[in-house]
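Chain letters run A, B, ... following the sequence lines, proteins first, then strands; residues in each count from 1.
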Number of protein chains: 2
Amino acid sequence: MSISRTLPDGRRQIFGFLLAGDFAGLEAGAVYGFDAEALTDVRACRFERPAFEAFIRDNVDVALRLVHVASNERSQAARHEMLLGRKTALERIATFLADLRERSGERHLRTHPLSLPMTRAEIADYTGLTIETVSRVFGRLRDDKVVEMVGTGAVRILDPALLAVFAESST
Amino acid sequence: MSISRTLPDGRRQIFGFLLAGDFAGLEAGAVYGFDAEALTDVRACRFERPAFEAFIRDNVDVALRLVHVASNERSQAARHEMLLGRKTALERIATFLADLRERSGERHLRTHPLSLPMTRAEIADYTGLTIETVSRVFGRLRDDKVVEMVGTGAVRILDPALLAVFAESST
DNA sequence: CGATGCGTTGATCGGTATCAAGGGGGGTGG
DNA sequence: CCACCCCCCTTGATACCGATCAACGCATCG
């Protein structure tokens with residue numbers, strides 16, 4: 001699933017991609033809503049707001065856990081803001097791949113090859129680039145033997161250490 | 001106060017500016033920390049974590065309130081991600097000014113003129129631009145009679161409607 | 001087999017960064 | 001009280017990264 005918002009003129013920003021087990025919708029109580037779109041077949045578990053709130057009321061631990069989840073989300077958002085505001089195209093794609101690999105690993109999903117269920121357009125809207133630039137950067141990472149493309153829907157990360165270097169300070 | 005992080009090579013991203021009454025530090029429980037810097041004289045109220053957590057445990061309403069605060073923060077962060085990922089320099093500055101004006105109004109702070117306690121460098125690091133570009137965009141807004149500079153530390157917003165238009169779709 | 005959607009690659013453009021010079025205000029020391 | 005300095009800001013000239021425009025390949029599907 002991707003979480004996004006779109007400006008009236010069509011410019012879209014994707015805030016993140018959810019993996020299996022992720023929680024979404026905390027923010028739905030706020031003034032502004034988000035769009036969520038499935039990238040793959042999805043099984044979702046929905047909680048009714050009033051019932052959910054009542055449940056929280058009776059289970060303080062859950063409330064604390066929610067605060068903790070929200071904390072992590074804010075920290076994750078900050079990493080994304082750093083990516084969007086201060087990183088080069090190469091660093092953005094490298095960060096995107098490194099993060100996705102790490103998160104997939106935590107969830108015990110396959111990371112070799114690493115599946116990319118999103119399109120180039122979605123990667124572009126997540127990284128604040130265009131599809132052409134995304135494609136060119138993938139090409140460069142391929143030429144540099146950092147990754148190996150497996151079709152367009154997956155990559156084999158050949159040099160995770162170099163990828164991590166690219167993610168924070170490119171040449 | 002500004003909330004920020006800096007990359008090893010010195011690139012800085014500011015995530016937001018706190019106004020009087022704002023709450024900070026929820027995110028401090030996460031893996032990554034943030035830097036906070038005072039822009040003006042500040043009076044702060046500090047809560048010890050364990051005591052604060054115990055207090056929350058005994059006051060479920062506070063916990064729910066915290067979840068709500070976290071929600072709003074996420075939504076605010078999303079607006080900022082949209083700004084950084086998809087907006088032009090003019091839109092970024094216009095959005096920055098419009099948002100600051102709105103938030104200042106909510107807190108019953110003076111908005112005419114609107115005080116800008118942060119330096120150009122801090123505005124640049126918030127908007128993902130350089131100080132030169134920030135300065136040029138202010139110049140353009142001034143020439144277009146959208147704002148009137150009051151020294152470098154304040155602006156009079158002459159045309160809020162036009163500013164709002166610039167904030168979401170510039171020419 | 002043509003149409004359609006997605007991805008890649010090439011050529012060129014343009015917005016913002018970078019490099020450079022100078023102005024102004026406020027604090028400090030003579 | 002004044003001269004100097006330092007910091008912040010502005011403005012101009014130029015460079016460059018990523019956007020835009022364009023063409024094409026390839027797979028999928030009707």
Distances under 3.5 Å between protein N/O atoms and the N/O atoms of nucleotides 11-14 of chain C, please, pair by pair.
| from | atom 1 | to | atom 2 | distance (Å) |
| --- | --- | --- | --- | --- |
| C/dA11 | N6 | A/R136 | NH2 | 3.3 |

Quiz item: Does some side-chain heavy atom of A/P160 sit less than 4.5 Å from a side-chain heavy atom of A/H112?
Solution: no
Quiz item: When you measure from every atom of DNA chain D, which of residues 127-135 of chain B have a heavy atom less than 4.0 Å away?
Solution: B/E132, B/S135
To the nearest Å, give me how far apart [atom1] ([X]) and [atom2] ([N]) are.
X	N	atom1	atom2	answer
B/L83	C/dT16	CG	P	12 Å
B/R120	C/dG24	CZ	C1'	14 Å
A/M149	C/dT9	CE	C1'	14 Å
A/R140	C/dT8	CZ	C1'	17 Å
B/L39	D/dC8	CG	C1'	15 Å
B/D125	C/dA17	CG	P	11 Å
B/M118	D/dC8	CE	P	15 Å
B/L90	C/dG15	CG	C1'	12 Å

I need the minimum non-hydrogen distance between [X] and [Y], along with the two atoms involved.
X	Y	answer
A/F15	A/S4	CE1-C, 3.7 Å
A/L163	A/A94	O-CB, 3.7 Å
A/M1	A/A36	CE-CB, 3.6 Å
B/A77	A/E81	CB-OE2, 3.7 Å

Practice problem: Starting from the first five and the last five pairs of the helix from C/dC1-D/dG30 to C/dG30-D/dC1, work out the angle between the resulting helix axes, to 10 degrees. | Solution: 30°
Quiz prompt | ILVMFWY clustering at 4.5 Å (side-chain atoms), partners of A/M82 | solution = B/L7
Do any side-chain atoms of residues 117-125 of chain B form donor-acceptor pairs under 3.5 angstrom with protein atoms, and if so which ones, sequence neighbours left out?
| from | atom 1 | to | atom 2 | distance (Å) |
| --- | --- | --- | --- | --- |
| B/T119 | OG1 | B/A121 | N | 3.3 |
| B/T119 | OG1 | B/E122 | N | 3.2 |
| B/T119 | OG1 | B/E122 | OE1 | 3.4 |
| B/R120 | NH1 | B/T152 | O | 3.2 |
| B/E122 | OE1 | B/T119 | N | 2.9 |
| B/D125 | OD1 | A/R86 | NH2 | 2.7 |
| B/D125 | OD2 | B/R12 | NE | 2.6 |
| B/D125 | OD2 | B/R12 | NH2 | 2.9 |

Quiz item: Heavy-atom count around B/F55 CZ within 6.0 Å, excluding the residue itself: above 12?
Solution: no
Quiz item: Between A/R142 and A/R86, which is nearer to the 5' end of DNA chain C once each is assigned its nearest nucleotide?
Solution: A/R142
Self-check item: ring pair (Phe, Tyr, Trp, His ring centres under 6.0 Å) pairs, two or more places apart, involving residues 78-109 of chain B
Solution: B/H80-B/Y126, B/F96-B/Y126
Practice problem: Could you give me the CA-CA distance, side-chain angles and deciding distance for A/L162 and A/K145, then say whether side chain to side chain contact (heavy atoms under 4.5 Å, CB included) is met? | Solution: CA-CA 10 Å; A/L162 188 50; A/K145 305 267 188 277; over 6 Å; no
Exercise. Any chance you could measure A/N59, atom CG, to A/R65, atom CZ, to the nearest 0.5 Å?
Key: 14.0 Å
